[in-house]
Amino acid sequence: MLPSRFQQIRKRTIAAVDSVFAEPVRISFLKDAEPDLDRPAVEISAVLRVGRGKQDPVSPGSASSKGVASTILTSSRSELWIDARRYSGPKLESGDVVTAIARKGEPDFEVLFVDDRDDNRIVAVLAEV
Amino acid sequence: MSLSRVALRIAAVEALKGRTLVGPNVIDSPNGAIDIHADGSFRTAKEKPFIGIFTPSTVAADVTGRSLVENGDCEIVFQMGVSTAMVKRDPQTKASVLEGVNIPASDRGRAFYIDVVEREIRSALNDPANAWAEIFRKLHYSVRRVEVADFQSVDDQRLTARELRITVELMDDPLVGDPLLDGSVYADFLSALEASDDDLYQRHAATLRALLAGDHGPADGLQRLHGMTADELMAIGLAPFAETEPVDFDKASLVVNGETREVLP
(Lines give C-alpha, C1' and ligand atoms only; values in the text may rest on other atoms or scores of the structure.)
Protein backbone atom coordinates (compact mmCIF):
# COMPACT_ATOMS: atom_id res chain seq x y z
CA MET A 1 0.00 0.00 0.00
CA LEU A 2 1.30 3.44 -0.82
CA PRO A 3 1.75 5.65 2.22
CA SER A 4 -0.48 8.71 2.29
CA ARG A 5 0.97 12.16 1.99
CA PHE A 6 0.16 12.77 5.64
CA GLN A 7 2.09 9.70 6.70
CA GLN A 8 5.12 10.78 4.73
CA ILE A 9 5.11 14.16 6.41
CA ARG A 10 4.68 12.57 9.82
CA LYS A 11 7.56 10.22 9.23
CA ARG A 12 9.87 13.12 8.50
CA THR A 13 8.56 15.12 11.44
CA ILE A 14 9.11 12.29 13.86
CA ALA A 15 12.64 11.78 12.61
CA ALA A 16 13.33 15.48 13.08
CA VAL A 17 11.85 15.55 16.58
CA ASP A 18 13.82 12.50 17.62
CA SER A 19 17.05 13.93 16.28
CA VAL A 20 16.71 16.74 18.80
CA PHE A 21 14.78 15.29 21.75
CA ALA A 22 15.55 11.58 21.82
CA GLU A 23 17.90 10.10 24.39
CA PRO A 24 19.37 6.65 24.92
CA VAL A 25 17.25 4.32 27.03
CA ARG A 26 17.57 0.65 27.86
CA ILE A 27 14.42 -1.43 27.92
CA SER A 28 14.54 -4.54 30.14
CA PHE A 29 11.72 -6.95 29.48
CA LEU A 30 10.17 -8.67 32.45
CA LYS A 31 7.47 -11.26 32.87
CA ASP A 32 5.80 -11.42 36.31
CA ALA A 33 8.61 -9.27 37.70
CA GLU A 34 11.29 -11.71 36.55
CA PRO A 35 13.58 -11.30 33.52
CA ASP A 36 11.85 -12.56 30.39
CA LEU A 37 14.33 -14.80 28.62
CA ASP A 38 12.37 -14.67 25.35
CA ARG A 39 12.85 -10.93 25.12
CA PRO A 40 16.43 -9.77 25.61
CA ALA A 41 17.06 -6.18 26.67
CA VAL A 42 17.57 -3.51 23.98
CA GLU A 43 19.03 -0.04 23.94
CA ILE A 44 17.28 2.46 21.72
CA SER A 45 16.94 6.15 21.23
CA ALA A 46 13.51 7.54 22.08
CA VAL A 47 11.86 10.62 23.54
CA LEU A 48 11.32 10.42 27.29
CA ARG A 49 9.17 13.07 28.92
CA VAL A 50 8.86 13.05 32.68
CA GLY A 51 5.71 14.48 34.29
CA ARG A 52 5.31 16.56 37.42
CA GLY A 53 4.66 14.64 40.60
CA LYS A 54 1.35 14.54 42.39
CA GLN A 55 0.23 13.11 45.69
CA ASP A 56 -2.68 10.82 46.36
CA PRO A 57 -4.05 9.22 49.48
CA VAL A 58 -3.86 5.49 49.85
CA SER A 59 -7.43 4.77 50.77
CA PRO A 60 -10.37 2.73 49.62
CA GLY A 61 -12.63 5.73 50.22
CA SER A 62 -14.44 7.43 47.39
CA ALA A 63 -12.86 10.18 45.35
CA SER A 64 -14.80 12.80 47.26
CA SER A 65 -13.30 11.91 50.60
CA LYS A 66 -10.57 14.51 50.49
CA GLY A 67 -8.83 15.13 53.72
CA VAL A 68 -9.68 11.72 55.15
CA ALA A 69 -6.82 10.57 57.33
CA SER A 70 -4.74 8.33 55.16
CA THR A 71 -1.19 7.61 54.10
CA ILE A 72 -0.25 9.70 51.09
CA LEU A 73 2.10 8.64 48.33
CA THR A 74 3.57 10.72 45.57
CA SER A 75 3.75 9.51 42.04
CA SER A 76 4.52 10.94 38.67
CA ARG A 77 3.56 9.85 35.20
CA SER A 78 6.10 9.84 32.43
CA GLU A 79 5.91 8.76 28.83
CA LEU A 80 8.33 7.17 26.38
CA TRP A 81 7.64 8.00 22.74
CA ILE A 82 9.32 5.52 20.41
CA ASP A 83 9.56 5.87 16.64
CA ALA A 84 7.53 2.81 15.66
CA ARG A 85 8.90 2.48 12.18
CA ARG A 86 12.46 2.29 13.33
CA TYR A 87 11.89 0.13 16.39
CA SER A 88 12.77 -3.49 15.84
CA GLY A 89 12.98 -4.75 19.37
CA PRO A 90 10.53 -6.99 21.22
CA LYS A 91 7.00 -5.78 21.89
CA LEU A 92 6.68 -3.77 25.07
CA GLU A 93 4.35 -5.03 27.77
CA SER A 94 3.06 -3.72 31.05
CA GLY A 95 5.65 -4.42 33.72
CA ASP A 96 8.75 -3.87 31.59
CA VAL A 97 11.38 -1.46 32.85
CA VAL A 98 12.80 1.53 30.99
CA THR A 99 16.15 2.87 32.21
CA ALA A 100 17.24 6.35 31.20
CA ILE A 101 20.91 5.52 30.87
CA ALA A 102 22.06 8.99 29.95
CA ARG A 103 20.50 10.62 33.00
CA LYS A 104 22.11 11.10 36.37
CA GLY A 105 21.58 8.06 38.57
CA GLU A 106 20.18 6.06 35.62
CA PRO A 107 16.59 6.22 36.90
CA ASP A 108 14.22 3.35 36.18
CA PHE A 109 10.61 3.61 35.08
CA GLU A 110 8.03 0.89 34.96
CA VAL A 111 5.67 0.52 32.01
CA LEU A 112 2.06 0.86 33.19
CA PHE A 113 0.56 0.35 29.77
CA VAL A 114 1.49 0.65 26.10
CA ASP A 115 -0.40 2.70 23.59
CA ASP A 116 0.55 1.34 20.20
CA ARG A 117 -2.46 2.12 18.09
CA ASP A 118 -0.63 4.86 16.30
CA ASP A 119 1.26 3.62 13.27
CA ASN A 120 4.13 5.96 13.87
CA ARG A 121 4.64 6.07 17.59
CA ILE A 122 4.68 3.49 20.35
CA VAL A 123 3.87 5.33 23.54
CA ALA A 124 4.71 3.62 26.79
CA VAL A 125 3.10 5.27 29.79
CA LEU A 126 5.46 4.94 32.73
CA ALA A 127 5.33 4.99 36.48
CA GLU A 128 8.25 5.81 38.67
CA VAL A 129 10.06 2.86 40.07
CA MET B 1 -8.40 13.56 71.50
CA SER B 2 -8.67 11.33 74.50
CA LEU B 3 -5.74 9.92 76.40
CA SER B 4 -6.88 6.36 75.89
CA ARG B 5 -6.88 6.91 72.16
CA VAL B 6 -3.37 8.29 71.96
CA ALA B 7 -2.19 5.47 74.25
CA LEU B 8 -3.94 2.91 72.04
CA ARG B 9 -2.29 4.26 68.94
CA ILE B 10 1.21 4.52 70.37
CA ALA B 11 0.90 1.02 71.84
CA ALA B 12 -0.18 -0.32 68.43
CA VAL B 13 2.76 1.36 66.67
CA GLU B 14 5.27 -0.03 69.13
CA ALA B 15 3.63 -3.45 69.21
CA LEU B 16 4.11 -3.81 65.45
CA LYS B 17 7.63 -2.45 64.96
CA GLY B 18 9.89 -5.28 63.92
CA ARG B 19 7.08 -7.84 64.02
CA THR B 20 6.04 -7.79 60.39
CA LEU B 21 7.63 -7.90 56.94
CA VAL B 22 7.80 -4.11 56.88
CA GLY B 23 10.17 -4.18 59.84
CA PRO B 24 10.67 -0.80 61.49
CA ASN B 25 8.62 1.09 58.92
CA VAL B 26 5.50 1.44 61.09
CA ILE B 27 4.39 5.05 60.99
CA ASP B 28 2.20 6.85 63.52
CA SER B 29 -0.38 9.02 61.73
CA PRO B 30 1.57 9.87 58.57
CA ASN B 31 0.46 13.23 57.25
CA GLY B 32 2.92 14.23 54.57
CA ALA B 33 3.40 12.33 51.36
CA ILE B 34 5.76 9.39 51.30
CA ASP B 35 7.97 10.50 48.47
CA ILE B 36 10.18 8.01 46.70
CA HIS B 37 13.15 9.58 45.00
CA ALA B 38 13.44 8.62 41.36
CA ASP B 39 17.13 9.09 40.95
CA GLY B 40 18.09 5.47 41.46
CA SER B 41 19.50 6.21 44.89
CA PHE B 42 19.43 3.68 47.67
CA ARG B 43 16.04 3.30 49.20
CA THR B 44 15.94 4.73 52.70
CA ALA B 45 13.96 3.08 55.45
CA LYS B 46 10.97 5.31 54.69
CA GLU B 47 10.78 4.43 51.01
CA LYS B 48 9.82 0.85 51.65
CA PRO B 49 6.64 -1.08 52.26
CA PHE B 50 4.90 0.57 55.15
CA ILE B 51 2.20 0.27 57.77
CA GLY B 52 0.51 3.59 58.63
CA ILE B 53 -1.59 3.69 61.79
CA PHE B 54 -4.37 6.20 62.41
CA THR B 55 -7.12 6.64 64.94
CA PRO B 56 -9.38 8.79 62.80
CA SER B 57 -12.67 8.58 64.61
CA THR B 58 -14.37 7.65 67.84
CA VAL B 59 -18.06 7.60 68.64
CA ALA B 60 -19.44 7.52 72.17
CA ALA B 61 -23.18 7.02 72.15
CA ASP B 62 -25.42 6.87 75.26
CA VAL B 63 -23.02 8.86 77.34
CA THR B 64 -23.76 9.07 81.08
CA GLY B 65 -24.75 12.59 82.04
CA ARG B 66 -22.25 15.00 80.66
CA SER B 67 -19.32 12.64 80.80
CA LEU B 68 -16.47 13.58 78.51
CA VAL B 69 -14.21 10.75 79.54
CA GLU B 70 -16.33 7.93 78.18
CA ASN B 71 -14.73 7.00 74.89
CA GLY B 72 -17.12 4.57 73.33
CA ASP B 73 -16.15 2.95 70.07
CA CYS B 74 -12.84 3.94 68.57
CA GLU B 75 -11.60 3.05 65.13
CA ILE B 76 -7.96 2.19 64.69
CA VAL B 77 -6.88 1.93 61.09
CA PHE B 78 -3.85 0.03 59.82
CA GLN B 79 -2.92 0.89 56.25
CA MET B 80 -0.34 -1.31 54.64
CA GLY B 81 1.03 -0.91 51.16
CA VAL B 82 3.75 -1.82 48.73
CA SER B 83 4.30 0.00 45.45
CA THR B 84 6.75 -1.11 42.80
CA ALA B 85 8.89 1.90 43.65
CA MET B 86 9.40 0.47 47.14
CA VAL B 87 10.77 -2.86 46.05
CA LYS B 88 14.38 -3.94 45.78
CA ARG B 89 15.43 -4.24 42.15
CA ASP B 90 18.43 -6.02 40.68
CA PRO B 91 20.47 -3.28 38.94
CA GLN B 92 21.36 -5.52 35.99
CA THR B 93 18.27 -7.49 35.14
CA LYS B 94 15.79 -5.07 36.74
CA ALA B 95 13.96 -8.01 38.22
CA SER B 96 12.41 -7.19 41.56
CA VAL B 97 12.14 -9.31 44.65
CA LEU B 98 10.00 -8.83 47.74
CA GLU B 99 12.25 -9.25 50.74
CA GLY B 100 11.07 -11.51 53.49
CA VAL B 101 8.86 -13.67 51.31
CA ASN B 102 11.49 -13.98 48.58
CA ILE B 103 9.17 -13.89 45.59
CA PRO B 104 9.14 -11.62 42.52
CA ALA B 105 7.19 -8.40 42.93
CA SER B 106 4.52 -9.25 40.41
CA ASP B 107 0.88 -8.32 41.05
CA ARG B 108 0.08 -11.56 42.78
CA GLY B 109 3.41 -11.48 44.61
CA ARG B 110 2.57 -8.10 46.09
CA ALA B 111 -0.94 -9.24 46.96
CA PHE B 112 0.51 -12.19 48.84
CA TYR B 113 2.96 -9.90 50.61
CA ILE B 114 0.11 -7.71 51.83
CA ASP B 115 -1.83 -10.78 52.96
CA VAL B 116 1.18 -11.86 55.00
CA VAL B 117 1.56 -8.40 56.55
CA GLU B 118 -2.11 -8.33 57.52
CA ARG B 119 -1.84 -11.70 59.19
CA GLU B 120 1.31 -10.58 61.02
CA ILE B 121 -0.50 -7.52 62.36
CA ARG B 122 -3.34 -9.64 63.70
CA SER B 123 -0.92 -12.09 65.32
CA ALA B 124 1.27 -9.42 66.85
CA LEU B 125 -1.61 -7.54 68.44
CA ASN B 126 -2.82 -10.64 70.25
CA ASP B 127 0.61 -12.04 71.05
CA PRO B 128 0.86 -12.73 74.78
CA ALA B 129 4.62 -12.26 74.68
CA ASN B 130 4.45 -8.79 73.16
CA ALA B 131 4.65 -6.27 76.02
CA TRP B 132 3.34 -3.31 74.04
CA ALA B 133 0.54 -5.46 72.64
CA GLU B 134 -0.44 -6.29 76.21
CA ILE B 135 -0.81 -2.57 76.90
CA PHE B 136 -2.78 -2.24 73.66
CA ARG B 137 -5.12 -5.01 74.74
CA LYS B 138 -5.65 -3.55 78.21
CA LEU B 139 -6.73 -0.25 76.70
CA HIS B 140 -9.90 -1.62 75.19
CA TYR B 141 -12.62 -3.83 76.59
CA SER B 142 -13.46 -5.64 73.37
CA VAL B 143 -13.15 -5.56 69.62
CA ARG B 144 -16.45 -4.64 68.02
CA ARG B 145 -15.73 -4.92 64.30
CA VAL B 146 -12.89 -5.78 62.00
CA GLU B 147 -13.14 -4.53 58.42
CA VAL B 148 -10.68 -5.08 55.62
CA ALA B 149 -10.69 -3.16 52.35
CA ASP B 150 -8.20 -3.30 49.53
CA PHE B 151 -7.03 -0.45 47.43
CA GLN B 152 -5.03 -0.23 44.23
CA SER B 153 -3.71 2.89 42.68
CA VAL B 154 -5.32 3.82 39.39
CA ASP B 155 -2.97 6.54 38.22
CA ASP B 156 0.72 6.71 37.87
CA GLN B 157 1.98 3.92 40.04
CA ARG B 158 1.45 0.28 40.69
CA LEU B 159 0.36 0.13 44.31
CA THR B 160 -1.10 -2.74 46.27
CA ALA B 161 -2.59 -1.56 49.52
CA ARG B 162 -5.00 -2.63 52.20
CA GLU B 163 -6.79 -1.02 55.08
CA LEU B 164 -7.50 -3.03 58.23
CA ARG B 165 -10.01 -1.10 60.32
CA ILE B 166 -10.59 -2.36 63.85
CA THR B 167 -13.36 -0.80 65.94
CA VAL B 168 -12.65 -1.30 69.63
CA GLU B 169 -14.60 -0.47 72.75
CA LEU B 170 -12.08 1.97 74.12
CA MET B 171 -11.39 2.26 77.81
CA ASP B 172 -12.67 5.38 79.53
CA ASP B 173 -10.11 8.06 80.22
CA PRO B 174 -8.75 8.52 83.71
CA LEU B 175 -9.73 11.71 85.53
CA VAL B 176 -7.40 14.47 86.61
CA GLY B 177 -6.09 13.42 89.99
CA ASP B 178 -6.85 9.72 89.62
CA PRO B 179 -4.07 7.75 91.26
CA LEU B 180 -2.13 5.64 88.75
CA LEU B 181 -1.90 2.40 90.66
CA ASP B 182 0.83 -0.13 89.95
CA GLY B 183 -0.35 -2.66 87.44
CA SER B 184 -2.99 -0.35 86.01
CA VAL B 185 -2.71 0.12 82.29
CA TYR B 186 -1.96 3.85 82.48
CA ALA B 187 0.87 3.27 84.92
CA ASP B 188 2.24 0.57 82.62
CA PHE B 189 1.87 2.76 79.57
CA LEU B 190 3.63 5.75 81.11
CA SER B 191 6.43 3.54 82.42
CA ALA B 192 6.87 1.98 79.01
CA LEU B 193 7.10 5.43 77.40
CA GLU B 194 9.64 6.54 79.95
CA ALA B 195 11.68 3.37 79.47
CA SER B 196 11.86 3.71 75.68
CA ASP B 197 14.91 4.97 73.81
CA ASP B 198 12.86 7.52 71.98
CA ASP B 199 13.32 10.93 73.52
CA LEU B 200 10.00 12.07 72.09
CA TYR B 201 8.16 9.36 74.02
CA GLN B 202 9.79 10.48 77.22
CA ARG B 203 8.53 13.97 76.64
CA HIS B 204 5.08 12.58 75.88
CA ALA B 205 5.14 10.77 79.21
CA ALA B 206 6.04 13.96 81.06
CA THR B 207 3.16 15.83 79.42
CA LEU B 208 0.66 13.05 80.12
CA ARG B 209 1.70 12.82 83.74
CA ALA B 210 1.24 16.57 84.06
CA LEU B 211 -2.24 16.32 82.52
CA LEU B 212 -3.28 13.71 85.06
CA ALA B 213 -1.60 15.22 88.09
CA GLY B 214 -3.66 16.72 90.84
CA ASP B 215 -5.80 15.73 93.70
CA HIS B 216 -9.49 15.47 94.16
CA GLY B 217 -11.80 14.44 96.93
CA PRO B 218 -14.39 11.72 96.29
CA ALA B 219 -17.25 14.08 95.47
CA ASP B 220 -15.12 16.17 93.15
CA GLY B 221 -14.17 13.04 91.23
CA LEU B 222 -17.81 12.09 90.76
CA GLN B 223 -18.60 15.55 89.55
CA ARG B 224 -15.79 15.38 87.00
CA LEU B 225 -16.75 11.91 85.90
CA HIS B 226 -20.33 12.76 85.01
CA GLY B 227 -19.99 16.48 84.42
CA MET B 228 -22.45 17.34 87.20
CA THR B 229 -23.13 20.88 88.17
CA ALA B 230 -22.81 21.90 91.82
CA ASP B 231 -26.61 21.97 92.17
CA GLU B 232 -26.90 18.42 90.86
CA LEU B 233 -24.32 17.23 93.33
CA MET B 234 -26.18 18.96 96.13
CA ALA B 235 -29.44 17.38 94.99
CA ILE B 236 -28.06 13.89 95.41
CA GLY B 237 -26.76 14.77 98.82
CA LEU B 238 -23.07 14.45 98.08
CA ALA B 239 -22.13 18.08 98.09
CA PRO B 240 -19.58 18.89 100.76
CA PHE B 241 -20.74 21.11 103.59
CA ALA B 242 -20.01 24.74 103.08
CA GLU B 243 -17.14 25.82 105.25
CA THR B 244 -18.14 28.44 107.75
CA GLU B 245 -16.43 30.03 110.69
CA PRO B 246 -16.97 28.06 113.86
CA VAL B 247 -19.55 29.68 116.10
CA ASP B 248 -19.00 30.10 119.82
CA PHE B 249 -22.08 29.21 121.82
CA ASP B 250 -22.97 28.76 125.47
CA LYS B 251 -26.13 26.85 125.07
CA ALA B 252 -27.91 25.22 122.17
CA SER B 253 -30.88 22.88 121.96
CA LEU B 254 -31.63 20.07 119.54
CA VAL B 255 -35.17 18.83 118.81
CA VAL B 256 -35.37 15.10 118.11
CA ASN B 257 -38.77 13.44 117.58
CA GLY B 258 -40.51 16.24 119.43
CA GLU B 259 -38.18 15.95 122.43
CA THR B 260 -35.85 18.83 123.19
CA ARG B 261 -32.32 18.00 124.24
CA GLU B 262 -29.68 20.34 125.43
CA VAL B 263 -26.30 20.50 123.64
CA LEU B 264 -23.17 21.64 125.36
CA PRO B 265 -20.18 23.19 123.49
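A, B, ... follow the sequence lines: proteins, then strands. Residue 1 opens every chain. FYI, side chains are in, hydrogens and waters are out, and symmetry mates aren't considered; it's all heavy atoms of this structure.
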Self-check item: B:R209 bridged to B:E194 by N-O distance under 4.0 Å
Solution: yes

Quiz prompt | Choice from B:G81, B:S96, B:S29 maximising heavy atom contacts with chain A below 4.5 Å | solution = B:S96

Self-check item: Engaged part of A:V98 at the chain B interface, taking heavy atoms whose separation is under 4.5 Å
Solution: neither

Self-check item: Partner chain B: residue of A:S94, A:A100, A:G95 with the largest heavy-atom pair count (under 4.5 Å)
Solution: A:S94

Quiz item: Non-hydrogen atoms of chain B under 4.5 Å away: do they reach the side chain of A:S76, the backbone, both or neither?
Solution: backbone

Quiz item: Any side-chain donor paired with an acceptor under 3.5 Å for A:Q7 and A:D119?
Solution: yes

Quiz item: Is B:L139 close to B:R5 at the side-chain level, that is, under 4.5 Å between some pair of heavy atoms?
Solution: no

Quiz item: Taking 4.0 angstrom as the limit, do B:R162 and B:D115 come out as a salt bridge?
Solution: yes

